[in-house]
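Below is one structure, written out as structure tokens; comments come after it.
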Amino acid sequence: MSNTLQDIPKTYDPKNTEDKWYKHWVDNGFFRSIPDEREPYTIVIPPPNVTGVLHMGHMLNNTIQDVLIRMKRMQGYNACWVPGTDHASIATEAKVVALLKEQGIKKTDLSREDFLKHAWTWKEKYGGIILKQLEKLGASCDWERTRFTMEDDLSEAVIDVFIDLYNKGYIYRGVRMVNWDPQGLTAVSDEEVIHKEVNSKLYYCNYPLFDKDEEVTTDTITNKLKTGNCITIATVRPETILGDTAVCVHPDDERYKNLKGKFALIPFVNRKVPIIFDDYITMEFGTGALKVTPAHDINDYNLGVKHGLEVIDTIAADGKMSEAAKFYIGEDRFTVRKKIAKDLEEAGYILKVEDYKNKVGYSERTDAVIEPKLSMQWFLKMDTISKPALDAVLNGEVKLIPEKFINTYKHWMENVHDWCISRQLWWGQQIPAWYDDKGNFVVAKTKTEAEAKFKIQNSSFNIQNLKQDEDVLDTWFSSWLWPISVFDGFKDPDNKDINYYYPTNDLITAPEILFFWVARMLIAGYEYRGKKPFSNVYLTGIVRDKQGRKMSKQLGNSPDPIDLMAKYSADGVRVGMLLSSPAGNDLLFDESYCEQGRNFANKVWNAFRLIKGWEVEPQSQPLSLGEGGSIEWFENRFNQALEEINDHYSKYRMSDALMGTYKLVWDDFCAWYLEMIKPEFGKPISKTVYDATLNFFERILKVMHPWMPFITEEIWHLIAERNEKDCIIISKWPEVKSYSESFLIRFNEFEQTVMSIRNIRASKNISPKEVLTLSIKQSENDADIEFNQLIQKLCNISSISYVSDNVDNATSFLINGVEFFIPLNDKIDVAAEREKLKTEIEYNRGFLESVEAKLSNQNFVSRAKPEIIANEQKKKSDAESKIKLLEEQLAGLN
RNA sequence: GGGAGCUUAGCUCAGCUGGUUCAGAGCAUCUGCCUUACAAGCAGAGGGUCACUGGUUCGAACCCAGUAGUUCCCACCA
């Protein structure tokens with residue numbers, strides 16, 4: 001191995017290596033997992049939206065998964081990471097609709113079958129993008145296991161589960177007020193509504209009061225408005241006035257007690273509606289009078305049910321005014337809000353308008369303002385079925401990391417609402433309910449089975465024209481089965497895969513979908529396997545920008561991960577993502593983290609260049625003391641560090657594990673070890689040292705591999721001749737061997753010595769090239785002889801001598817009770833040395849005083865633990881002897 | 001409106017059983033170096049009233065109470 005330093009570029013170039021090694025790993029089947037006698041370690045990917053592209057959240061999420069998978073693979077587990085995608089009904093359907101629109105095709109002009117054809121074409125074209133992007137990141141998924149939530153087997157599982165839950169009585173159908181997305185044209189679940197605070201206007205509007213039989217004319221209205229014979233309501237949604245069917249006040253409200261039996265007149269439509277009394281009303285809010293619109297507000301709906309009010313649905317599914325509104329028909333609700341406010345004003349109805357902050361629900365998927373709407377939907381009863389999933393988290397069978405999410409989870413699960421599972425979309429699993437022309441229905445897997453069921457129920461039903469429910473199921477109704485369905489646990493409940501891999505080990509996901517997905521997977525797991533789907537749930541944070549804003553397309557504050565990887569290398573970005581992201585904490589992302597990652601890769605690359613560049617002595621030579629000490633130290637230090645790193649991993653402290661690795665490599669290996677053993681320029685290195693170093697380097701690369709898979713694989717193959725199957729990805733994780741604490745302590749003293757000498761050079765402007773000597777006030781026998789050579793080497797010290805008296809014209813320092821002197825001759829600044837010593841003495845006296853105060857406190861001595869007291873006593877004597885030495889030095893200075 | 005969390009160096013965060021890992025790390029900053037692996041680097045240095053107030057304790061960043069700020073979750077006040 002000759003000097004090839006010139007041939008190796010000074011900076012690591014990831015461009016070729018990343019694709020090369022990824023392909024190599026795949027070609028050799030290193031990601032593949034099939035059941036065998038080893039213990040499995042399994043992760044199912046949170047399936048990204050099939051039409052999605054990689055964003056920073058995915059990067060964080062998948063990097064963590066890959067780090068865990070790679071580490072466990074190296075530790076000898078049968079590591080299996082199952083990839084796949086989610087069909088994401090609303091999002092995908094919206095994208096397909098938009099694309100068709102560009103082509104001039106309206107969804108409503110297409111049959112369901114034709115629309116689905118377009119959707120599948122779209123899926124085939126764009127569906128793989130995100131998974132391809134994950135390859136760039138280095139994700140070591142078992143691609144042969146790639147699943148899709150809408151593929152035949154998984155869809156069948158969804159349908160079977162629906163039928164099963166229906167038969168168990170958990171699923172029911174009913175008219176309810178649901179969250180309607182007027183853009184997606186579908187109902188969404190409560191969890192898919194995001195409440196945001198917005199600036200609104202609160203309109204105070206007069207409704208003229210009438211008696212039951214009093215005639216309504218233009219004149220009477222004008223008159224009543226003028227004289228104030230009105231009741232004033234306050235609303236932020238004047239466009240819903242047309243659908244009002246009552247005005248509600250509190251029964252105890254003195255202002256309105258005289259209104260019993262009276263009626264209010266709705267503007268424009270001139271409908272008389274009753275004044276009703278209900279203690280739901282907050283008297284203090286607005287005027288204490290509430291307009292009631294049962295069709296467009298959940299509270300009003302409840303009031304309507306209670307008081308038997310008429311329901312007038314004035315807003316159509318697309319958010320435009322319906323025929324029933326009578327005015328503004330076909331115009332958008334927000335346009336109408338402005339228009340009607342103006343018209344009411346002109347007609348004299350408006351009393352005043354105030355600025356007002358309120359919360360408005362937005363659709364998670366389309367960001368459209370949610371419209372509460374009455375409709376027929378399917379629901380899953382959650383109370384009983386969710387019980388085991390709650391218990392599992394509370395009793396620790398399933399761990400949430402970090403634990404702080406247990407409270408949130410508990411609160412949600414104890415107050416869980418029934419789950420609206422139907423969606424008015426086509427892209428998804430169509431609900432297996434079949435209707436006859438009178439609206440009777442049965443739930444059955446196929447039309448034939450449905451017909452049979454109808455026959456059994458009542459032969460008089462017309463089964464000629466059975467029609468399947470138009471709606472599809474919520475996407476989460478398929479993804480909640482994911483940990484089971486990816487192993488075909490529904491299709492074939494006793495197959496080898498499901499028995500081997502289920503329950504999986506870790507789930508890595510975002511806290512945002514704790515309820516959407518995690519809770520529901522737990523529910524499905526217990527319901528269908530009688531077992532948890534996973535043991536640990538690692539909840540990542542949200543990736544935010546430097547200002548703390550969530551990264552999003554709309555804000556344009558999210559870098560493209562692919563660009564980032566091109567700029568900083570995949571390894572660099574992986575490290576960057578994890579440098580500061582403890583579990584559950586949001587990650588304030590900054591490109592400088594990736595830069596740090598890239599720099600780290602470069603550091604390792606240069607360590608490789610150094611080692612690779614050495615000329616090795618052909619024969620083994622006996623080790624020098626310094627060489628022997630260096631090797632012994634790094635062996636000890638490596639095991640100590642690895643023990644810590646393993647511990648961090650076991651507690652899912654990912655950034656700590658990474659930082660431990662970072663420091664082991666950068667500080668211990670590069671900054672200390674390599675400098676200690678580095679041969680003089682132009683001289684060869686001892687073969688023994690070289691072999692030991694190579695061995696250390698290989699172990700270090702292994703520990704780095706989960707974080708930086710590409711560069712470690714590249715170097716692994718460059719530092720030694722290897723069979724192409726001998727890859728670091730499948731190499732064995734180093735074992736922790738016992739190490740000597742006392743040796744490491746002695747090394748630490750050596751480190752302090754070196755740093756003190758360097759400090760002296762820096763503070764006194766002594767060039768590193770200038771040779772110095774060192775005297776140690778100690779008897780020679782006690783010395784750490786193996787380190788002396790290293791002190792000489794690292795500090796450019798020509799000789800070390802042992803003395804019994806203080807050295808004149810020297811600067812000094814003290815380490816663990818031992819005095820060190822560096823003669824400076826004419827360079828010595830006696831006054832400065834004196835000052836330095838005085839400050840040090842003063843500091844130590846202060847310290848001593850505080851310790852003595854403690855020890856003379858009777859309460860402390862009588863109550864503190866003996867070892868604490870012994871420790872204080874040691875501190876005291878150490879400080880005393882230190883002060884004595886410093887004082888002697890001061891006295892000897894002249 | 002209810003609940004949970006957070007507040008430690010300029011930034012991002014550790015700090016696990018209250019006391020030798022107790023005031024830490026990385027980055028950033030400052031000073032000096034193009035030293036023969038690496039300026040994407042080396043060496044050195046300076047940064048903190050542990051949010052505030054009180055309590056418990058021989059002893060508090062850590063336990064308790066309150067206050068302020070902040071984030072998140074849940075919830076049907078127009």
Side-chain angles (χ1 to χ4, degrees), chain A residues 5 8 10-12 177 190 195 202-203 233-237 240 248 280-282 284-293 297-303 356 358-359 372 402 404-412 415 511-512 514-515 542 546 548 568 572 579-582 584-590 592-593 595-596 598-614 651 653 655-656 658-660 662-663 666 670-671 674-675 678 680-682 755 758-763 765 767-769 796 854 857-865 867-869 871-872 874-875:
Chain A
L5 210 48
I8 311 170
K10 270 172 108 165
T11 49
Y12 166 61
M177 184 66 90
D190 291 345
H195 294 276
L202 190 59
Y203 299 89
I233 56 90
T235 181
V236 289
R237 299 200 57 193
T240 62
C248 189
Y280 158 75
I281 296 297
T282 314
E284 293 73 34
F285 187 88
T287 60
L290 169 74
K291 69 190 249 339
V292 185
T293 325
D297 185 282
I298 179 71
N299 309 301
D300 295 13
Y301 174 71
N302 292 335
L303 275 174
Y356 184 66
N358 65 332
K359 288 209 172 163
K404 67 177 177 186
F405 287 105
I406 294 174
N407 281 329
T408 325
Y409 180 85
K410 177 169 179 270
H411 186 255
W412 190 80
N415 299 285
E512 313 166 273
L514 186 60
F515 309 132
I542 295 165
K546 270 223 126 178
Y568 297 105
L579 268 172
S580 183
S581 68
N585 273 27
D586 288 358
L587 171 68
L588 293 185
F589 182 78
D590 187 328
S592 65
Y593 287 122
E595 201 177 320
Q596 196 181 346
R598 178 201 60 183
N599 293 354
F600 186 38
N602 200 47
K603 185 72 188 174
V604 182
W605 181 253
N606 277 290
F608 154 68
R609 285 179 70 226
L610 176 68
I611 294 168
K612 182 79 179 170
W614 282 332
K651 292 171 179 146
R653 294 200 290 242
S655 38
D656 288 344
L658 174 57
M659 191 44 69
Y662 182 90
K663 286 199 265 194
W666 199 307
C670 294
L674 288 179
E675 292 301 327
K678 195 153 106 178
E680 274 179 61
F681 180 63
M755 286 193 285
R758 283 172 177 169
N759 185 343
I760 286 164
R761 281 190 187 273
S763 62
N765 265 322
S767 157
K769 285 173 189 147
N796 196 15
K854 216 179 210 182
N857 180 341
Q858 272 312 307
N859 281 323
F860 173 73
V861 180
S862 58
R863 300 196 193 200
K865 280 183 248 165
E867 58 266 34
I868 301 293
I869 296 169
N871 202 356
E872 291 299 316
K874 184 174 184 299
K875 275 191 202 168

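Just so we're on the same page: letters track the sequence lines, and every chain starts at 1.
- Aromatic ring orientation, A/Trp666 versus A/Phe600: parallel (interplanar angle below 30°, classes split at 30° and 60°).
- Set against B/rG19, B/rA78, B/rC38, the side chain of A/Lys865 has B/rG19 as its closest nucleotide.
- Scanning all heavy atoms of the two residues, the minimum distance from A/Asn602 to A/Lys10 falls at OD1-O, 3.7 Å.
- The side chain of A/Asn759 contributes an N or O atom lying less than 4.0 Å from OP1 or OP2 of B/rA45.
- Toward the 5' end of RNA chain B, the nearer of the two residues A/His195 and A/Lys10, judged by each one's closest nucleotide, is A/Lys10.
- For A/Ala607, whose side chain is taken as the heavy atoms from C-beta onward, the closest listed nucleotide among B/rG44, B/rG41, B/rA37 is B/rA37.
- B/rC38 and B/rG32: their P atoms are spaced 23 Å apart (whole Å).
- Between A/Glu680 atom CD and B/rA37 atom P the separation is 13 Å, expressed in whole Å.
- For the pair A/Leu674 and A/Leu610, the minimum side-chain heavy-atom distance is below 4.5 Å.
- Of the candidate nucleotides B/rA37, B/rC76, B/rA78, B/rA37 has the atom nearest to the side chain of A/Leu674.
- Separation of the C1' atoms belonging to B/rA65 and B/rA25 is 33 Å when rounded to the nearest angstrom.
- Comparing the P positions of B/rU49 and B/rG10 gives an interatomic distance of 8 Å, to the nearest angstrom.
- For the pair A/Glu675 CD and B/rG41 P, the computed distance is 14 Å after rounding to whole Å.
- A/Lys410 and A/Thr408 are not linked by any side-chain donor-acceptor pair at a separation below 3.5 angstrom, with hydrogens and angles left out of the test.
- Taking the C1' atom of each, B/rG48 and B/rG15 are spaced 14 Å apart, rounded to whole Å.
- The distance between atom CD of A/Gln596 and atom C1' of B/rA39, rounded to the nearest whole Å, is 16 Å.
- Side-chain atoms of A/Phe285 lie closest to B/rC77 of the nucleotides B/rG26, B/rU20, B/rC77.
- With P as the reference atom, B/rC76 and B/rU67 are 28 Å apart, rounded to whole Å.
- Distances shorter than 4.0 Å separate some side-chain N or O of A/Asn599 from OP1 or OP2 on B/rG41.
- In this structure, the nucleotide among B/rC38, B/rA40, B/rA78 sitting nearest to the side chain of A/Arg609 is B/rC38.
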statement: Taking Watson-Crick and G-U wobble contacts under 3.5 angstrom, with | marking pairs to another strand and [ ] crossing pairs, the secondary structure of RNA chain B is written (((((((..((((.....[....)))).(((((.......))))).....(((((..]....))))))))))))....
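- In the set B/rU20, B/rA37, B/rA40, the nucleotide with an atom closest to the side chain of A/Thr11 is B/rA40.
- Nearest to the side chain of A/Tyr356, among B/rC16, B/rA40, B/rA78, sits B/rA78.
- In this structure, A/Tyr593 and A/Tyr280 both approach RNA chain B, and ranking their closest nucleotides by distance from the 5' end singles out A/Tyr593.
- Taking the ring centroids of A/Trp412 and A/Tyr409, they lie at or beyond the 6.0 Å cut-off.
- Nearest to the side chain of A/Met659, among B/rA78, B/rA37, B/rA25, sits B/rA25.
- A/Pro372 approaches A/Met177 most closely through the heavy-atom pair C-SD, 3.6 Å.
- Residue contacts for A/Phe515: at a heavy-atom cut-off of 4.0 Å it reaches the sugar-phosphate backbone alone, with no base atom in range.
- Side chain of A/Ile298, nearest nucleotide from B/rA78, B/rC76, B/rA40: B/rC76.
- Rounded to whole Å, the separation between the C1' atoms of B/rG18 and B/rU12 comes to 27 Å.
- Here A/Thr408 lies in heavy-atom contact (under 4.0 Å) with sugar-phosphate atoms only.
- Across all non-hydrogen atoms, the minimal contact from A/Tyr280 to A/Leu303 is CD2-CD1, 3.9 Å.
- Taking 90° from 0 as the syn/anti boundary, the base of B/rU71 is oriented anti.
- Within the nucleic acid shown, A/Cys248 has no heavy atom closer than 4.0 Å to any nucleic acid atom.
- Judged by distance alone, with hydrogens and angles left aside, the side-chain atoms of A/Thr287 form a donor-acceptor pair with the main-chain N or O of A/Ala289 at under 3.5 Å.
- Residue A/Trp666 places no side-chain N or O under 4.0 Å from the OP1 or OP2 atom of B/rC27.
- Distance noted for atom P between B/rU17 and B/rC6: 14 Å (whole Å).
- At the heavy-atom level, A/Arg598 lies under 4.0 Å from base atoms of the strands shown.
- Of the candidate nucleotides B/rC74, B/rC76, B/rG19, B/rC74 has the atom lying nearest to any side-chain atom of A/His411.
- Residues A/Leu202 and A/Phe285 form a side-chain contact, since some pair of their non-hydrogen atoms from C-beta on lies under 4.5 Å apart.
- Checked against ring-ring contact (aromatic ring centres under 6.0 Å, His included), A/Phe589 has no partners two or more places apart in sequence or in another chain.
- By the rule that a glycosidic angle within 90° of 0 means syn, B/rG47 counts as syn.
- Taking atom P in both B/rC11 and B/rC50, one finds a spacing of 16 Å when rounded to whole Å.
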